[in-house]
Amino acid sequence: MGGYLPPFVFLTTFMVDKRPHCSAQASVAPTSVMNFASAFGRALIGLLADRIGVSNAFFVSLMISALAQLVLWNLAEVYVMTMVFSAVVGASSGNFVSLLAPVIAEMFGTQKLATLSGLLILFNLVGNFSGPPLACAILSATGSWHATISFSGGVRILGAAFFLYAQLKKEPRILAVY
């Protein structure tokens, strides 16, 4: 999950760096859009999960978020593209909050749901605590937003791959609804 927070933490810095002519309000607007879209995304992911299955919805939203970081954010050379990126990442990033308990219940049952949820959140702390500082270190060392963005999106892809592996261990069919 180390790739989850860098867009939320660095988008305003990205705007100030890439668009120094923008006002302060215009520089923070993409972060506001991302957070606003996240509220809708958390509800919409539940609707999607009801249609295609909880684990599938979780995986799809992870991939959308990762690809948005790798593609849309890397191509965000104009303000409108930054706003599109913000909306897509915001809408697809709330999956963890909304689907954590259902995914755990689907993969491991409900017997120890509270314990497993707590452990997953505890282990998620490592990524959330280290992701933004690592992204900052990459930006400081390279001066490259592309390297920083690629790290963030790449970690999301890696997380999606690990999740897909766990899902396939449970049910060895891609996009199986169970």
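Taking CD1 from I149 and CD1 from I138, the interatomic distance works out to 11.5 Å, rounded to the nearest 0.5 Å. Atoms OG and OH, from S27 and Y79 in turn, are 7.5 Å apart once rounded to the nearest 0.5 Å. Note that OG of S55 is 9.0 Å distant from CG of L99, once rounded to the nearest 0.5 Å. In this structure, CZ in F163 is found 10.0 Å from CG in L168, a value given to the nearest 0.5 Å.
Closest of all the heavy-atom pairs between S98 and I45 is CB-CG2, 3.6 Å. The nearest pair of heavy atoms linking M34 to P7 is CE-O, 3.7 Å. For the pair A66 and G153, the tightest heavy-atom approach, listed with the atom from each and the gap, is CB-O, 3.8 Å.
Looking only at distances, no side-chain donor or acceptor of S152 sits under 3.5 Å from a matching main-chain atom of T148. Distance alone, capped at 3.5 Å, places no donor-acceptor pair between the R19 side chain and the A26 backbone.
Note on residues 40-52: pairs passing side chain to side chain donor-acceptor pair (under 3.5 Å), not counting sequence neighbours, are S38-R42.
Scored by the ring pair (Phe, Tyr, Trp, His ring centres under 6.0 Å) test, F162 finds no partners at all (sequence neighbours excluded). In this structure S86 satisfies the side chain to side chain donor-acceptor pair (under 3.5 Å) test with no other residue, sequence neighbours excluded.
Neither side chain, Q69 nor N74, offers a donor N or O lying under 3.5 Å from an acceptor on the other.
Looking at heavy atoms from C-beta onward, Q167 lies in side-chain contact with N56 at the 4.5 angstrom threshold.
When the side chains of ILVMFWY residues are joined at heavy-atom separations under 4.5 Å, either directly or via intervening members, L72 and V78 end up in a single hydrophobic cluster. Linking ILVMFWY side-chain heavy atoms closer than 4.5 Å, directly or via other members, places L5 and V126 in two distinct hydrophobic clusters. There is a path of hydrophobic side-chain contacts, each under 4.5 Å, that joins L67 to M81. A chain of hydrophobic side-chain contacts below 4.5 Å, direct or via other Ile, Leu, Val, Met, Phe, Trp or Tyr residues, connects F8 to L139. The hydrophobic cluster containing L125 does not contain L100, counting ILVMFWY residues as joined when their side-chain heavy atoms lie under 4.5 angstrom apart, directly or transitively.
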Using atom types as modelled, flag every donor-acceptor pair under 3.5 Å from a side chain in residues 9-18 to any protein atom, sequence neighbours excluded.
residue : atom : partner : partner atom : Å
T12     : OG1  : T31     : OG1          : 3.1
D17     : OD2  : W145    : NE1          : 2.6

Extract all donor-acceptor atom pairs below 3.5 Å that involve side chains of residues 57-64 and protein atoms in other chains or at least two apart in sequence.
residue : atom : partner : partner atom : Å
S61     : OG   : A57     : O            : 3.1
S61     : OG   : F58     : O            : 2.9
S61     : OG   : N95     : ND2          : 2.6

Show every donor-acceptor pair shorter than 3.5 Å between a side-chain atom in residues 116-123 and any protein atom, with sequence neighbours excluded, or say none if there are none.
residue : atom : partner : partner atom : Å
S117    : OG   : L113    : O            : 2.9

Apply side chain to side chain contact (heavy atoms under 4.5 Å, CB included) to H146 and W73, showing your working.
CA-CA 9 Å; H146 292 297; W73 199 7; over 6 Å; no

Full working for side chain to side chain contact (heavy atoms under 4.5 Å, CB included) between V71 and F85
CA-CA 9 Å; V71 177; F85 160 74; over 6 Å; no

